[in-house]
Amino acid sequence: MGTLWQGRFRSEPAPEMMALSRSVHFDTRLWREDIEGSRAHVEGLERAGVISATERDALLGALDVVAAELADGTFELRDSDEDVHTAVERRVTELVGDVGRKLHTGRSRNDQVATDVRLFCRSGLASTAEELARLVEALLRRVEHVGDAVMPGYTHLKRAQVVPVGHHLLAHVWALLRDLDRMVAALDRNDVCPLGAGALAGSSLPLDPGFVAERLGFGRPFENSIDAVSDRDHVAETLFVVALCGIHLSRLAEELVLWCSDEFGFVELDDSYATGSSMLPHKKNPDVAELTRAKSGRLVGHLVALLVALKGLPLAYDRDLQEDKEPLIDAFDQMRVVLPALRGLVASMRFDLARMREAAGDDTLAAVDLAELLVSKGVPFRTAHSRVASLVRDAREKGTSLREAVGSDEQWASHADEALEVIEQVLAGRRRRSAGGADMESVRGQLERARERLAESRRRLEAYQT
């Protein structure tokens, strides 16, 4: 069996053309989806009266054999196999003869490939979302573990205000929960079956796209046959969702790299999630976090590559769309290794809560609270800001603490005791009472709400898990 389109041509395709056109070396990864789609198509052909029940059974039996061969590695690819779809059809025909030539009846590679890709997106997004949910669970358990411990919160990588460690970890949790929500939403928009659209205009055969959509577990069939074969929004959206999640993972990883450094010393990595040096015997390196950080660039690159390939394509199908698969496959592959490794690192690392508390012990971190104390006395904020800033400057120049500066400054004499109490409350992490702020009561509420959000996302995700 040669190419699917050889009947139109008098000469064989040039080797150089086939080398460019051939995609079987990567789209074989979609063999499960191709077999699944072909089974549904065969059942649809029999239901429409296009093939007999005997022919249906022969085709389904051959597809079972091909699936077994692909699963156990005994399937032999040939030079004429342009892609996985050609390979499967070729092998089915070898097994059942002319009946195999009926497999592609009423179907184009255009709607066949589009269906395979949507099935692949569904399984990839569902498994990635589940791994992400497990990472979120690991972070939530660490929030519980640290209790009411405090640390410095940073802006510009400079110590800014005292925050509960749990509050800081929950900031990562909320970002990842948004990623999880986007993955489930992307699954919802991916839930359309293109099979039956043909090359671009459907078929004159009495096929039922609704039947094959239901058979494949899709929520609905396509609305427009041209859109069905040309649409790759779901691939672009998947790559965006994965890339943005990669950015959030990279941000978490960057902080873990900093926190386990000697300069910070906030966490100690477990030996099972760290590496050593080939030269320096004392080293313990955060390679999991560093590789997570680096993978984000790869994921962003996949998104950009696809968007550029899609830009300006005329309707309906163009071969440019073949470039959708490698970025998609690799994006899922990278998340498949990154998420479990990062989850293991997070779950096993040890916090040095005393070191974090010590780092948060600089009383100048209560400066804005002293300004807000003055505001509560009727002082305009900008005036209060200036007064406290001058107090901090003088304390630094004299080498004294902010507490000492407050006690010796005549302007603060009337409410020095109150100011000192504010400083102590701030350093204990118990002053940020505004909604969503860095107060332990807020942390407890966030933890409960985050668990509810995670449970809701998982309930939505169940519809797409097989």
Side-chain angles (χ1 to χ4, degrees), residues 143-144 146-175 251 255 258-259 263-266 351-450:
V143 172
E144 292 178 333
V146 298
D148 59 358
V150 295
M151 63 175 288
Y154 295 82
T155 61
H156 307 278
L157 209 56
K158 302 282 287 183
R159 292 173 183 171
Q161 292 179 279
V162 177
V163 300
V165 178
H167 189 68
H168 192 106
L169 294 175
L170 280 162
H172 290 292
V173 166
W174 289 113
R251 186 166 61 179
E255 289 198 334
L258 289 172
W259 288 5
E263 286 70 23
F264 275 75
F266 288 175
F351 288 100
D352 189 337
L353 299 179
R355 180 77 173 259
M356 298 173 112
R357 185 166 51 249
E358 180 185 359
D362 180 357
D363 58 11
T364 61
L365 300 183
V368 70
D369 299 88
L370 293 183
E372 289 173 351
L373 174 62
L374 293 178
V375 168
S376 71
K377 307 296 183 184
V379 179
F381 176 74
R382 192 51 60 198
T383 302
H385 183 285
S386 179
R387 283 178 58 180
V388 176
S390 298
L391 194 67
V392 171
R393 181 196 62 217
D394 292 344
R396 291 282 172 83
E397 290 176 351
K398 295 175 181 177
T400 62
S401 68
L402 189 58
R403 292 180 182 88
E404 292 171 320
V406 167
S408 61
D409 190 301
E410 293 183 359
Q411 294 187 69
W412 288 85
S414 61
H415 37 260
D417 290 343
E418 193 173 358
L420 293 174
E421 183 181 353
V422 165
I423 292 174
E424 296 308 318
Q425 289 177 343
V426 168
L427 298 186
R430 300 185 181 278
R431 183 76 182 173
R432 306 276 176 253
R433 299 188 182 92
S434 59
D439 180 79
M440 279 310 303
E441 191 63 31
S442 168
V443 170
R444 285 187 284 271
Q446 286 184 67
L447 186 58
E448 182 179 349
R449 291 190 297 276

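These numbers come from a predicted model, not from an experiment. Side chains included, hydrogens not; waters and symmetry mates left out as well; all remaining heavy atoms used.
Residues Ser442 and Gln446 meet the side-chain proximity criterion, which asks for heavy atoms closer than 4.5 Å. A 4.5 Å side-chain heavy-atom check between Trp412 and Leu374 finds at least one atom pair inside the cut-off. A 4.5 Å side-chain heavy-atom check between Leu373 and Lys377 finds at least one atom pair inside the cut-off. For the pair Val146/Leu353, a side-chain contact is recorded, criterion being any heavy-atom separation below 4.5 Å from C-beta on. Contact of the Asp352 side chain with the Trp259 side chain is not registered, since no non-hydrogen atoms from C-beta on lie closer than 4.5 Å. Taking 4.5 Å as the limit, every side-chain heavy atom of Phe264 sits out of range of all side-chain heavy atoms of Met151. In this structure, Leu402 and Leu391 have side chains that are in contact, with non-hydrogen atoms separated by less than 4.5 Å. In this structure, the side chains of Glu255 and His172 come closer than 4.5 Å at one or more pairs of heavy atoms.
Nearest heavy-atom pair across Asp363 and Ser401 is OD2-CB, 3.3 Å. When every heavy atom of Ala384 is checked against every heavy atom of Val375, the shortest pair comes out as CB-CG2, 4.3 Å. Between Arg159 and Pro152, the shortest heavy-atom distance links the atoms CG-CB, 3.7 Å. Closest approach of Val392 to Ala367, counting heavy atoms only: CG2-CB, 4.1 Å. Counting all heavy atoms, side chain and backbone alike, Leu365 lies closest to Ala360 at CD1-O, 3.9 Å.
The distance from the CD1 atom of Ile423 to the CD atom of Glu418 is 12.0 Å, given to the nearest 0.5 Å. Here the straight-line distance linking atom NE2 of His167 with atom CD of Gln161 works out to 9.5 Å at 0.5 Å rounding.
For Asp417, the CG atom counts as loosely surrounded, since its 6.0 Å shell holds 12 or fewer non-hydrogen atoms of other residues, nucleotides or ligands.
The pair Glu424-Arg403 counts as a salt bridge, with a side-chain nitrogen and a carboxylate oxygen less than 4.0 angstrom apart. For Asp362 and Arg357, the salt-bridge test fails: no basic side-chain N is under 4.0 Å from an acidic carboxylate O. Ionic pairing of Glu144 and Arg444 is not present here: no N-O contact between side-chain nitrogen and carboxylate oxygen is shorter than 4.0 angstrom.
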Derivation and outcome, side-chain contact (heavy atoms from CB on, under 4.5 Å), residues Asp394 and Thr400: CA-CA 8 Å; Asp394 292 344; Thr400 62; over 6 Å; no

Pair Leu370-Val406, side-chain contact (heavy atoms from CB on, under 4.5 Å): steps then yes or no: CA-CA 10 Å; Leu370 293 183; Val406 167; 4.1 Å; yes

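The closest side-chain donor-acceptor pair between Glu404 and Ser408, if any, does not fall under 3.5 angstrom. Checked by atom type, the side-chain pair Arg396/Thr364 shows a donor-acceptor distance below 3.5 Å.
Side chain of Ser390 to backbone of Ser386: a donor-acceptor contact under 3.5 angstrom is found.
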